[in-house]
Amino acid sequence: MAPRKLAAGNWKMNGDLASLTEIDQLCKAHPEPGCDMLICPPALLVYPMVASAQTHALMVGGQDCHAKESGAHTGDISAAQLRDAGADYVILGHSERRADHGETNADVAAKAAAAHQAGLIAIICVGETEAQRDAGETLSVIGDQIAGSLPERSDSANTVIAYEPVWAIGTGRTPTNEQIAEVHGFIRRQLDGRTGDAVNLRLLYGGSVKPVNAAEIFAIPNVDGALVGGASLKAADFGGIVAALEAAG
Ligand code: 13P
């Protein structure tokens with residue numbers, strides 16, 4: 001059976017304890033969502049968000065983890081620590097981490113293996129820059145990222161892939177429906193032949209998803225949900241995206 005669709009919010013470096021009121025509102029508006037509903041706040045908010053979402057269907061995730069389980073790595077947190085705090089998911093290889101922290105595909109694969117080991121579902125991000133798209137390199141870049149960033153034994157239960165074109169993040173620009181369909185179909189074919197049921201894992205689109213464009217994006221083949229930045233910060237906006245995903249069935 002195909003896993004439930006996923007509406008995932010990435011708060012990035014936004015939000016504080018007062019923002020947990022948004023979580024209350026979101027959970028009250030969607031007590032029994034017809035899709036999986038996830039927010040990935042800054043690490044400091046994981047535990048309090050888990051506590052405030054406790055009686056609700058909201059799941060909570062981290063935005064990064066270290067590849068090692070513990071040790072002398074000042075400032076880092078491990079997958080096991082995220083799991084201990086109540087997280088179910090972790091975003092890995094976001095383009096902002098690849099750009100700001102020099103994360104390579106191999107780094108992402110090592111972190112994802114640690115996440116799997118700790119019982120977390122890894123949301124592995126891939127996506128081309130505008131220059132790469134203009135140069136006709138989109139599919140080769142995505143192919144390399146998929147081949148290099150997914151550890152062995154990635155399957156539909158422990159891994160999600162988010163296609164986030166770098167030029168669509170936070171810009172209000174989105175690819176055409178045909179461009180999204182082309183990349184998602186390509187990713188699906190790349191996963192065919194991997195071990196387990198990797199071919200069935202959920203493929204999210206991310207980059208300027210809003211309540212106004214969500215329904216159109218969710219109608220595209222091989223789009224199993226969204227990874228949402230700015231529009232995940234407010235309950236009303238994220239709730240609109242959740243509703244669009246529920247309606248898409
Ligand atoms: P925006 O939705 O703000 O474009 O961000 C997308 C993103 O990077 C989610 O990880």
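Along the sequence shown, residues are numbered consecutively beginning with 1. Whatever order the structure lists ligands and atoms in, that order sets their numbers, starting from 1.
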#### Entry: Residue among Arg188, Arg189, His184 satisfying side-chain hydrogen bond (donor to acceptor under 3.5 Å, both in side chains) with Asn222
Arg188
### Query
Any idea which residues sit under 4.0 Å from ligand 1, heavy-atom distances?
Asn10, Lys12, His94, Glu164, Ala168, Ile169, Gly170, Gly207, Ser208, Leu227, Val228, Gly229, Gly230
### Task
Could you note down all residue pairs passing side chain to side chain donor-acceptor pair (under 3.5 Å) where residues 32-44 supplies at least one of them, sequence neighbours left out?
Arg4-Asp36, Asp36-Arg202
### Task
Examine Val141 and Val108 and state if one hydrophobic cluster contains both, with Ile, Leu, Val, Met, Phe, Trp and Tyr joined whenever side-chain heavy atoms are less than 4.5 Å apart.
no
### Message
To check you understand the geometry: which heavy-atom pair defines the closest contact between Ala248 and Phe218, and what is its length?
### Response
CB-CB, 3.9 Å
### Message
I'd like to know if the side chain of Asp24 pairs up with that of Thr21 as donor and acceptor (distance under 3.5 Å, no hydrogens or angles considered).
### Response
no
### Query
Heavy atoms, side chains only, cut-off 4.5 Å: are Val160 and Asp224 in contact?
no
